[in-house]
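What you are looking at is a predicted structure, and each value in this text was computed from that prediction instead of being measured. Worth knowing before you read on, the calculation uses all heavy atoms, side chains too, and leaves out hydrogens, waters and symmetry mates.
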Amino acid sequence: MKFAISSNAFILKTALFLTLWMSCSSTDNQEESIANIPTTVNSPQTVNNSAIIDFSNWKLTLPVDQNNNGSPDEYQPNQLVNFGYQNIEAVQPYLYNDLSNTALVFYTFPEISTSNSSYSRTELRELINPNNAKQNWSLSDGGEMIGRLQLESISEDLETNANYHKVIVMQIHGIITEEDMASHGLSSNNGPPLIKIYWKDGYLWSHKKSLVDQTTSGDALLDTSSATWFDIKDNLGYVGFEAFDFRISASTGRVEVQLNNQEPLVYTDISLNKWPFHNYFKAGNYLGTTSPNGFAYIKYFSLNVTH
């Protein structure tokens, strides 16, 4: 009997034990939570758990002209790297981090556009030389761009039979070389886009430039109009508003586009062998409408280019 414990005493000791145990457990959980809080760099607004994108070779174009120079505002790689874009107040409404799923959000709406387009964009433009936009790559140099992205939200199309407005999410864009400009006395180096990847009502489409007349040759190939080059259009499949992986690979006489793990679509026509332009990759949100109610939000989780 001397080892017996009254029911009241037993309850009291049990409660005391549970209180101490919960206190220790709570302390451990607090320490674990503190360890998982994202660290900051330079300022409380700069976080390092953003999308996997190296801005060293990308410049950014916005849909606004806040410096009033008559053109869309642009930001160079040295302003964007090391999370610099997070500290530029003018950039934040259009390019910002979604920390809930480690994505970079591209937002755009119809406002100001570049001189060769009617449409606005929040878009990255590849610079293989960050100090010289005139230095680009040929198909013989080759290149590949791989990204994981998602169309989060887009405006309804009230003017056509489509449900939503369309948007370009990736491109290989052509550019006339300095040598060809000089030898032909050209005033603009703008070339046609070789590949445009569109989101249209949940489907991904590839638009690939091809010759109207496959016998075209010589100087006539540098004509950038629809009289010389037109789009071959291919439906690559449905993605809706879900995240997807996409790859564009280009080399001499060959371009591959691939959605997720599907069989790649391969272009090998004569137009690629005759393609006279140099090229650069583009990625982001290039909205295909001037409607006042237009907008689009696109998330990029990763983006990588190799040559």
Any side-chain heavy atom of [X] sitting closer than 4.5 Å to one from [Y]?
X	Y	answer
E123	Q171	yes
E111	R121	no
Y75	L95	no
P192	F277	yes
I248	E144	no
T177	N189	no
K59	P130	no
N67	D73	yes

Between [X] and [Y], does the ring centre distance come in under 6.0 Å?
X	Y	result
Y107	Y297	yes
Y94	F106	no
Y85	W58	no

Would the distance check show the side chain of [X] and the main-chain N or O of [Y] forming a donor-acceptor pair, the cut-off being under 3.5 Å?
X	Y	value
D65	I112	no
N69	S71	yes
S226	F230	no
S117	S113	no
D141	S138	yes
W199	G240	yes
D98	A103	no

Do other residues, nucleotides or ligands put more than 12 heavy atoms under 6.0 Å from [X] [atom1]?
X	atom1	value
Q262	CD	yes
F55	CZ	yes
E242	CD	no
N116	CG	yes

Next on the checklist: Checking R254 now: which residues fulfil salt bridge (charged side-chain N to carboxylate O under 4.0 Å, His left out) with it, not counting sequence neighbours?
Outcome noted: E256

Checklist outcome for this item: Residue set satisfying salt bridge (charged side-chain N to carboxylate O under 4.0 Å, His left out) with E152, at least two apart, ordered chain then number -> K299

Checklist entry - What's the verdict on side-chain contact (heavy atoms from CB on, under 4.5 Å) for M170 and K282, showing C-alpha distance, side-chain angles and the deciding distance? => result CA-CA 6 Å; M170 284 186 174; K282 304 191 83 176; over 6 Å; no

For a quick test of reading the model, state the closest non-hydrogen atom pair linking [X] to [Y] and the distance between them.
X	Y	value
I176	N190	CD1-O, 3.9 Å
S291	P110	O-CG, 3.2 Å
L221	K274	CD1-O, 3.5 Å
M181	S187	CE-C, 3.9 Å
T122	P63	OG1-CD, 3.3 Å
I154	A296	CG1-CB, 3.9 Å

Just by distance, with hydrogens left out, do [X] and [Y] show a side-chain donor and acceptor under 3.5 Å apart?
X	Y	value
N97	Q86	yes
T215	D213	yes
H173	N279	no

Quick one: pull up [atom1] in [X] and [atom2] in [Y] and give me the separation to the nearest 0.5 Å.
X	Y	atom1	atom2	result
I146	S249	CD1	OG	8.5 Å
D245	Q150	CG	CD	11.5 Å
K209	I172	NZ	CD1	12.5 Å
D269	L272	CG	CG	5.0 Å
N285	I298	CG	CD1	4.0 Å
W275	S271	CH2	OG	9.0 Å

Same hydrophobic cluster for [X] and [Y], using side-chain heavy-atom links shorter than 4.5 Å among ILVMFWY?
X	Y	result
I88	V105	yes
L104	F295	yes
L127	Y280	no
I197	L265	yes
F241	V239	yes

Checklist outcome for this item: Those residues at least two apart in sequence (or on a different chain) that pass ring pair (Phe, Tyr, Trp, His ring centres under 6.0 Å) with W137 are F281, H307

Item to check | Trace of the side-chain contact (heavy atoms from CB on, under 4.5 Å) decision for D157 with E159 | outcome: CA-CA 6 Å; D157 187 341; E159 294 88 24; 3.2 Å; yes

Checklist entry - In a check of side-chain contact (heavy atoms from CB on, under 4.5 Å) between L303 and each of L124, L149, I52, which one passes? => result L124

Checklist entry - Using a side-chain heavy atom cutoff under 4.5 Å and only I, L, V, M, F, W and Y, what cluster partners does Y198 have? => result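 Y198 shares its hydrophobic cluster with Y119, I168, Y203, W205, Y238, Y286.
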
Next on the checklist: Per the salt bridge (Lys or Arg N to Asp or Glu O under 4.0 Å) rule, what does the pair list look like for residues 180-207, sequence neighbours excluded?
Outcome noted: K196-D231

Checklist entry - Restricting to pairs with a member in residues 257-268, which pass salt bridge (Lys or Arg N to Asp or Glu O under 4.0 Å), not counting sequence neighbours? => result none

Checklist entry - After noting the C-alpha distance and the side-chain angles of S210 and K208, does the key distance pass the side-chain hydrogen bond (donor to acceptor under 3.5 Å, both in side chains) rule? => result CA-CA 6 Å; S210 293; K208 183 259 180 193; 3.0 Å; yes

Checklist entry - Hey, mind stepping through E74 and L60 against side-chain contact (heavy atoms from CB on, under 4.5 Å) and telling me if it holds? => result CA-CA 5 Å; E74 292 187 342; L60 172 66; over 6 Å; no

Next on the checklist: Apply side-chain contact (heavy atoms from CB on, under 4.5 Å) to residues N304 and T306 and explain how you reach the verdict.
Outcome noted: CA-CA 7 Å; N304 186 58; T306 55; 3.7 Å; yes

